[in-house]
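Okay, so here's the structure we're looking at.
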Amino acid sequence: MIGDELALQQLNCHRGASAEVPCMFCMNVKSKRSIDVLHDRAGYFVLVTCVDCEKFKFHSDVTIRKIAFDLRDRSSVETKEGMKTLQKQLGYSYIPNSLLLCPVLKYKPATLTVYDWMHCFLVDGVFNITVGQTMAVAHKLGVSYKNMASFVATWSWPRRLTQKGAIGKDLFKPSRIATWRKEQKFKCSASEALSLYPVMAAFLQMESTRLGLAENPAFAVLYLCCDVLDHLLCIPRGTCTPEGLAEAIVSFLRLYKLVFGEKHWTPKFHSILHLPRMLAEHKVIIPCFVAERKHKEGKRIAGYLHNTSVDFERSLLEDITSNHLHALRDFVVKPRICSGIARCSETLLAQLQASFPDAISLQVGKRAKFNQFNETEVGDIVLAQIGEPRRGCRNLWCDCRRRRSVLFGQQAETHQQRKATFQVAACRARASPA
Ligand SMILES: [Zn+2]
């Protein structure tokens with residue numbers, strides 16, 4: 001079960017991150033303004049700013065459901081005020097007919113619920129705050145958002161991202177920059193943050209070298225935050241371990257606390273501490289990017305529907321379904337050409353045949369999927385490993401005849417064949433496992 005903060009809160013009858021008990025998984029974690037920690041001589045309670053996971057007392061399915069049943073029983077005998085205090089202390093609300101109280105489903109809130117790392121980091125989250133704080137320090141050193149904008153403008157993103165408007169190049173407008181500086185928070189969409197974060201880290205690295213600030217701790221906090229994002233992006237590829245993720249998150253949070261203090265620390269900083277445990281339990285944690293994109297899809301279609309008096313929902317649902325079915329045509333995870341062209345140039349074909357004499361058939365296209373997660377389009381530069389493990393920029397062409405292989409061409413020298421999709425000239429291609 002995954003969703004944004006509000007969805008998880010409503011589903012599990014939890015009172016939310018702004019409540020006195022901000023985390024639905026921890027019994028003893030209290031919000032920053034709670035006075036329980038001050039009066040707790042036994043040392044049971046900890047503040048939400050604690051990064052020592054050993055100190056957290058975790059809920060289980062049984063304890064959460066017990067709270068729900070206890071609240072139900074007490075609701076008939078307690079006063080209104082009494083119930084209010086009780087719910088506040090426990091962090092859960094009594095909602096009749098909620099999922100927690102269903103005797104048939106035997107819903108397991110702790111086992112099934114997973115925090116969404118996208119919402120935790122990228123939607124008004126940990127990353128946005130960290131960038132805001134780092135840039136506040138950077139500004140004092142003469143490095144501004146304006147400088148960052150000029151640096152970002154020199155970068156090119158893969159075509160598939162450019163078309164979806166998910167690169168964040170146009171974000172840096174003076175009015176926005178003024179708001180970011182005032183609120184000490186960088187505001188952008190989750191997709192934009194995902195495209196921008198490596199470039200931001202590169203920018204700060206370049207600036208710190210220019211200013212001779214190799215050891216600047218504020219910049220180091222942002223690098224560590226980017227490091228956590230790198231780990232999270234490796235989860236679907238199976239190369240991120242819970243231990244590695246835990247180490248990255250704890251190092252980041254410790255340094256954040258040391259450098260920026262607890263003033264801007266939100267419950268999302270605590271939530272990310274649960275991610276390694278969730279990864280260990282579920283083997284994979286899926287972010288909400290796809291679900292969020294679906295919001296956009298609905299809004300895009302609904303924007304054109306002006307007559308809402310007759311079957312608005314049905315008409316919208318039909319349009320969304322047909323769009324989805326259309327999109328499913330490309331839903332094949334094997335490497336392949338996605339957008340083939342019927343006729344390609346003779347030169348290109350001759351070149352390909354010369355490079356792959358044993359090829360049974362050759363396909364040329366404008367867009368190719370080269371593994372389960374990535375695709376590329378004409379004009380993209382890809383970082384490829386060719387033959388021995390050495391890396392470099394190469395123009396890419398794909399051949400899916402072997403199903404599991406992707407073929408990389410050496411750097412092209414002319415642009416004359418651009419019309420015929422992939423550039424050709426003096427290329428010696430070799431096969432490389434996908
Ligand atoms: Zn917690």
Side-chain angles (χ1 to χ4, degrees), residues 1-37 40 42-68 71 87-93 100 107-127 129-130 225 228 231-232 235 242-243 245-254 256-257 262 264-282 285-288:
M1 203 77 77
I2 192 152
D4 59 15
E5 195 185 316
L6 189 67
L8 296 182
Q9 182 186 325
Q10 288 177 346
L11 192 76
N12 296 304
C13 307
H14 187 253
R15 291 173 68 83
S18 54
E20 202 176 310
V21 185
C23 176
M24 66 162 279
F25 295 101
C26 296
M27 296 183 207
N28 64 334
V29 171
K30 291 275 180 176
S31 76
K32 281 196 280 185
R33 56 180 189 282
S34 169
I35 50 167
D36 286 352
V37 184
D40 173 33
Y44 175 75
F45 291 117
V46 290
L47 280 178
V48 73
T49 50
C50 172
V51 288
D52 188 354
C53 295
E54 304 273 296
K55 291 186 178 166
F56 303 148
K57 303 272 179 271
F58 296 117
H59 269 300
S60 67
D61 295 323
V62 177
T63 57
I64 296 176
R65 291 191 74 210
K66 189 169 183 319
I67 288 175
L71 283 172
Q87 292 179 91
K88 206 173 141 195
Q89 281 170 348
L90 294 170
Y92 282 83
S93 300
L100 284 176
Y107 172 58
K108 296 177 175 173
T111 314
L112 295 179
T113 311
V114 172
Y115 280 141
D116 174 36
W117 70 255
M118 184 200 86
H119 278 97
C120 290
F121 270 93
L122 307 175
V123 183
D124 204 9
V126 174
F127 173 75
I129 296 170
T130 309
C225 184
V228 178
H231 274 82
L232 290 166
I235 290 176
E243 297 76 28
L245 181 63
E247 201 185 321
I249 290 173
V250 171
S251 318
F252 157 61
L253 290 179
R254 282 210 174 115
Y256 178 96
K257 212 165 137 181
E262 297 174 359
H264 295 270
W265 189 285
T266 63
K268 285 187 179 181
F269 283 77
H270 167 83
S271 302
I272 62 171
L273 282 165
H274 285 277
L275 296 174
R277 203 166 66 101
M278 288 164 176
L279 177 62
E281 272 170 28
H282 299 277
I285 43 177
I286 304 161
C288 278

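Numbering of ligands and ligand atoms starts at 1, following listing order. Excluded from the calculations below are hydrogen atoms, water molecules and symmetry mates; all remaining heavy atoms, backbone and side chain alike, are included.
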Stepwise side chain to side chain contact (heavy atoms under 4.5 Å, CB included) check, Leu232 with Leu245: CA-CA 7 Å; Leu232 290 166; Leu245 181 63; 3.8 Å; yes

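Taking both residues in full, the closest heavy atoms of Lys57 and Asn28 are given as N-OD1, 2.9 Å, listed atom of the first, atom of the second, then distance.
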Below 3.5 Å, can you tabulate the donor-acceptor pairs from side chains in residues 268-275 to any protein atom, sequence neighbours excluded?
{"residue": "Lys268", "atom": "NZ", "partner": "His119", "partner atom": "O", "Å": "3.0"}
{"residue": "Lys268", "atom": "NZ", "partner": "Val123", "partner atom": "O", "Å": "2.8"}
{"residue": "His270", "atom": "NE2", "partner": "His274", "partner atom": "NE2", "Å": "3.2"}
{"residue": "Ser271", "atom": "OG", "partner": "Pro267", "partner atom": "O", "Å": "3.1"}

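Around the Zn ion (ligand 1), the protein atoms of type N, O or S that sit closer than 2.8 Å are Cys23 SG, Cys26 SG, His270 NE2, His274 NE2.
Here the CZ-OG1 distance, from Phe252 to Thr130, works out to 3.5 Å after rounding to the nearest 0.5 Å. Taken from NZ in Lys88 to CZ in Arg15, the straight-line distance is 8.0 Å, to the nearest 0.5 Å.
No side-chain donor from either of Asn12 and Tyr92 sits under 3.5 Å from a side-chain acceptor of the other.
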